[in-house]
Amino acid sequence: MQDYSVRIEDYYPAETFNRIKAFADGKETPFVVIDNQIVRKNYADLTRCFPAAKVYYAVKANPGVEILQLLRDAGSSFDVASVYELDKILALGVAPERCSYGNTIKKRKDIRYFYAKGVRLFATDAEADLRNLAADAPGAKVYVRILTEGSHTADWPLSRKFGCQVEMAVELLALAKELGLEPYGLSFHVGSQQRDIGAWDAAIGKAKVIFDRLHKEMGIDLKMLNMGGGLPGNYLSSTHDIDTYAREIQRFLHDDFGDDLPEIILEPGRSLCANAGILVSEVVLISRKSQTSLHRWVYTDVGMFSGLIETLGEAIKYPIYTERQGPLEDTVIAGPTCDSADILYEDHKYPLPLALEIGDRLYWFSTGAYTTSYSSVEFNGFPPLAQYVLD
Ligand SMILES: *Cc1c(COP(=O)(O)O)cnc(C)c1O
């Protein structure tokens, strides 16, 4: 349990915070400010740490146009999940060869749309979807998503719903070939905000088994391994830095595949954007449920429905900074809507200064990913969470 208040310098250089705060001062809350310089640095760090990998940015993490443009110009490709995301990316002048259709759940008419636009790289994990791909995206490259362990060590798991077992993956890739598709590779996602690097070891080991079986049993040589996302943002729970992740993951790759590495794809979302954003909110109400209650409730103008849905189950614990100083008291933090699910943190009581007052601003660090894109459009009439991007 955290019993200290959040310090700026643990998350941002003072000048970065001051720049964002100066921009935010006087603007009506709530909103997210993205510092694109941080996105640029995160992308540069990632490509430095994984020099041989191709990066497909997971658009859903933050589809802000300025972010997409920056990544386009930096050379990134894009992992796209819907026709709407595809339209947005293509409208920015990105070639369809730099897009993959990474969603395993898709309508036939959407497959046709992607194919007509020139996309030739598709994820799948089910026979029915594979047959649709053969019919509507003839000759395309397909990669099969496999199930991975690690949901108990990821703060925002992405397993169970996606992927298939090893045996099924082998069968699907063999069938892909029969159906005239190109059995291109495998993908996995170890779970978002995966804090156990060992999760990649297990997943890569599984992938290697499938590569070998297809080679031996079917004469099929897969060319690509897509390692998905899972690299961390900087929240209250500590993680290793990106260099450590990269070193370990590449060691696992070499242990299993030797020097004969397949093409490696990464699909980062959170790790590129999370640290680049600060959400600014305002305290609307502070109360106690009884005169003798040992903790206060702080209600703020951002909540579960306006971008902070990753607080569901208190999964992601954002660092919350306030300018107030002095003694701290355990606090329950809740959003502004008429829904009792709109409680952000109750089990984990945030220590906030007793001096905190209605009207004060809260600065939610590392909110650049999975916030604005998750915000509802008008629950209780509140507008979607606004975003500003600084160059
Ligand atoms: C959401 C998603 C990602 C991004 O995951 P992060 O943990 O945010 O990096 C990557 N690949 C796929 C298929 C996804 O659905």
Side-chain angles (χ1 to χ4, degrees), residues 34 39 42-43 45-47 49-50 53-64 67-68 71 76-82 84-86 89 98-106 114 119 121-126 129 142-148 150-151 153-164 184-197 199-200 203 207 224-235 237 239-240 242 245-246 249 264-277 307 309-310 315-316 318 366-374:
I34 299 283
V39 180
N42 289 344
Y43 184 84
D45 284 345
L46 184 73
T47 49
C49 288
F50 286 98
K54 261 180 102 171
V55 175
Y56 282 66
Y57 173 59
V59 176
K60 73 179 190 290
N62 192 323
I67 294 173
L68 300 176
L71 292 172
S76 182
S77 295
F78 296 88
D79 174 47
V80 178
S82 70
Y84 311 102
E85 283 185 354
L86 181 66
I89 297 292
R98 287 167 68 184
C99 297
S100 63
Y101 195 172
N103 195 344
T104 54
I105 304 156
K106 39 196 165 336
F114 271 71
V119 176
L121 184 58
F122 293 81
T124 191
D125 66 0
D129 182 59
V142 295
Y143 58 94
V144 169
R145 181 155 169 184
I146 55 172
L147 278 164
T148 51
S151 53
T153 49
D155 289 338
W156 196 256
L158 283 174
S159 44
R160 249 170 15 90
K161 179 172 172 184
F162 309 103
C164 62
Y184 195 61
L186 293 174
S187 75
F188 60 76
H189 196 305
V190 294
S192 201
Q193 190 68 9
Q194 177 57 263
R195 292 192 287 124
D196 176 9
I197 305 181
W200 276 269
M224 183 275 280
L225 179 60
N226 176 338
M227 299 199 291
L231 300 171
N234 201 8
Y235 305 112
S237 309
T239 60
H240 291 289
I242 186 72
Y245 272 85
I249 292 169
I264 298 294
I265 285 179
L266 298 172
E267 295 175 332
R270 189 184 301 281
S271 60
L272 291 185
C273 293
N275 304 349
I309 198 144
E310 289 201 319
I316 298 291
Y318 298 104
S366 306
T367 42
Y370 302 116
T371 51
T372 46
S373 57
Y374 267 140

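Counting starts at 1 for both ligands and their atoms, in listed order.
In this structure, the side chains of His189 and Phe162 stay at 4.5 Å or more apart for every pair of heavy atoms. Between Tyr143 and Ser100, some side-chain heavy-atom pair lies under the 4.5 Å cut-off. In this structure, Tyr245 and Thr239 have side chains that are in contact, with non-hydrogen atoms separated by less than 4.5 Å. When side chains are defined from C-beta on, Ile249 counts as touching Leu231, because their heavy atoms get closer than 4.5 Å.
Scanning for side-chain hydrogen bond (donor to acceptor under 3.5 Å, both in side chains) contacts around Thr148 gives an empty result, with sequence neighbours left out.
Contacts of ligand 1 (protein heavy-atom distance under 4.0 Å) are Ala58, Lys60, Asp79, Arg145, His189, Ser192, Gly229, Gly230, Glu267, Pro268, Gly269, Arg270, Tyr370.
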- Message: Checking Arg270 against Tyr235 for the side chain to side chain contact (heavy atoms under 4.5 Å, CB included) test, could you report, in this order, the C-alpha distance in whole Å, the side-chain angles of both residues, the deciding distance, and whether it holds?
- Response: CA-CA 11 Å; Arg270 189 184 301 281; Tyr235 305 112; 2.9 Å; yes

